[in-house]
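What follows is a set of notes on a single structure, which appears directly below.
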Amino acid sequence: MATTELPELYYDPYDYGIDRNAPAVWARLRDEAPLYRNDEHDFWAVSRYDDVLAGMLDVDTYRSGHGTVLEMMTEREFPMPMFIFRDAPDHTLMRKLVSRAFTPRAIGGLEDRIAAICDELLDPFAGVDRFDYVDRFGAILPPTVILALLGFPAGFAEDLRDSMDSNLHVDEGETGGALATSPNRPPGSVIDEAGNIGSAVFDQVPALCELRRAEPTDDMLTILATHELERADGSTSPLTTEEILAYTALIAGAGAETVARMLGWAAVLLARHPEQRALLQADRSLIPGAIEEILRYEAPSPVQARWVEHDVDVHGTTIPAGSKMLLLNGSGNRDPRQFPDPDRFDVRRKIDRHLSFGYGAHFCIGAALARLEGRIALEQTLDRFGDWHVDESEVEWVHTSTVRGYHRVPIQVSN
Amino acid sequence: MKISYDRSKCQGHNRCYMLAPELFDTDDEGYAILLVEGEVPSDLQDKAQLCADNCPEYAIEIEG
């Protein structure tokens with residue numbers, strides 16, 4: 001009798017084919033190589049829930065200060081002043097400046113506004129039997145909301161979506177992101193050598209900050225333009241233009257890209273599991289739990305890179321200081337050691353700790369906003385489109401090493 | 001059941017406030033404020049456990 005041998009175990013976050021079947025490859029990593037080494041791209045990876053969680057909590061060993069996207073990591077400290085790419089004490093101080101804008105109270109006040117944006121985006125598709133759910137809605141709602149929270153005037157959401165898509169995009173067979181390789185731009189800077197920002201969205205920031213200094217409002221640009229940042233040496237000073245741009249680009253980018261992927265997954269997973277969708281139709285109180293399950297099942301940002309600060313033993317191997325470690329949080333979410341029957345999509349599953357927002361000091365600052373956007377978007381989608389259908393041969397994927405999901409999801413609506 | 005909260009560990013993720021506003025409030029910077037002292041009322045014990053299980057910083061402890 002012929003035996004079928006599995007192909008040699010191989011993983012990297014660039015290969016398009018692996019990316020599409022990532023849960024199957026991660027399952028083999030967890031069982032066969034809980035500490036995985038890739039010589040070609042020079043990284044290590046952990047994939048089991050306990051190892052990923054421990055790695056996220058151990059911020060003294062696994063540092064963010066050299067960057068957290070594999071192909072953008074730098075030997076020296078990451079130059080761009082974004083708190084996602086910083087360690088304590090800078091990280092703590094920089095994050096604190098904007099955390100007040102993401103409190104549940106601040107976010108909860110956005111509910112009506114988000115619902116109104118959903119109406120505006122979805123009303124045109126009333127009675128339409130087919131449209132691209134991600135291109136026309138899922139990828140537009142999040143930048144619209146995050147730019148409103150920042151304090152931008154309306155009209156820049158599509159520019160932001162397009163610039164984020166191209167910043168993180170990795171071509172087939174390539175491993176370089178545009179953010180790291182833009183010509184005439186110092187590595188990690190958002191301003192080029194001629195002082196240009198080069199983005200329709202972020203070009204607005206200096207003038208908007210001037211307006212806010214003259215007339216403060218309750219938006220985030222006002223915080224950035226008028227508050228002083230406490231520095232690691234104990235002094236305080238206003239943010240530089242470069243720092244304000246970095247905050248703006250980070251918050252806008254992180255808020256736009258990840259929620260767009262989450263909404264794409266929601267449309268596809270609920271179409272694939274109509275019995276689960278029927279549960280939500282019958283009982284809307286299940287929607288917040290469904291959002292958690294969608295996040296667990298298909299993490300929008302499933303790969304987090306860290307810099308190993310000092311030698312560390314993992315599964316009996318010593319990983320030397322200066323190595324790159326991938327914490328595969330998307331894999332941890334599918335670990336049967338943590339979640340019973342993890343490949344079953346179940347909107348009623350009890351979930352305490354999934355890893356899709358990370359954990360510890362770098363836990364997603366926008367988690368409450370993402371959850372709120374997800375709930376409202378899902379409520380409206382269920383109200384409006386009932387039993388939509390997705391032909392999965394028609395979807396288009398995004399291609400990045402850190403964000404995973406769909407660029408286009410045409411849905412068929414049975415009116 | 002007793003609940004305690006370590007302000008020095010809190011990073012303002014607000015999971016506790018989202019899950020149990022009866023037990024936690026937040027200050028202007030988003031850090032948690034524990035609203036009960038000592039014994040957790042019996043009808044809130046499940047929620048207290050949920051908060052402890054969900055805190056990304058392990059800043060909430062349950063005893064008993």
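Note on naming: letters A, B, ... go to the chains in the order of the sequence lines (proteins, then strands), and numbering restarts at 1 for each one.
Relative to the ring axis of Tyr58(B), Arg353(A) places its NZ or CZ within 45° and under 6.0 Å from the centre.
With a 4.5 angstrom heavy-atom cutoff, Ile365(A) does not touch chain B via any of its atoms. Neither the backbone nor the side chain of Leu97(A) has a heavy atom closer than 4.5 Å to any heavy atom of chain B. For chain A, the nearby part of Ala52(B) is the backbone; its heavy atoms alone come within less than 4.5 Å.
Environment of CZ in Arg284(A): crowded, with over 12 heavy atoms of neighbouring residues, nucleotides or ligands closer than 6.0 Å. Applying the 6.0 Å contact sphere to CG of Asp58(A) captures more than 12 heavy atoms from other residues, nucleotides or ligands. Heavy atoms of other residues, nucleotides or ligands lying less than 6.0 angstrom from CG of Asp218(A) number 12 at most. In the displayed structure, Arg337(A) atom CZ is contacted under 6.0 Å by more than 12 heavy atoms of other residues, nucleotides or ligands. Within a 6.0 Å sphere centred on CD of Glu61(B), other residues, nucleotides and ligands contribute 12 heavy atoms or fewer.
The distance from the CD atom of Gln11(B) to the NE2 atom of His362(A) is 9.5 Å, given to the nearest 0.5 Å. One distance of note links OH of Tyr359(A) with SG of Cys55(B); it measures 7.5 Å at 0.5 Å rounding. Rounded to the nearest 0.5 Å, atoms CG (Asp53(B)) and CD1 (Ile351(A)) are 13.5 Å apart. Considering NE2 of His13(B) and CZ of Phe357(A), their distance stands at 12.0 Å, rounded to 0.5 Å.
Heavy-atom pairs under 4.5 Å with chain B peak, among Ala361(A), Ala367(A), Cys364(A), at Ala361(A).
The two atoms that bring Leu50(B) and Asp352(A) nearest to each other are CD1-OD1, 3.6 Å, heavy atoms only.
Close approach to chain A, defined as a heavy atom under 4.5 Å from one of its heavy atoms, is seen in Met18(B), Asp25(B), Thr26(B) of residues 18-26 of chain B, taken by number.
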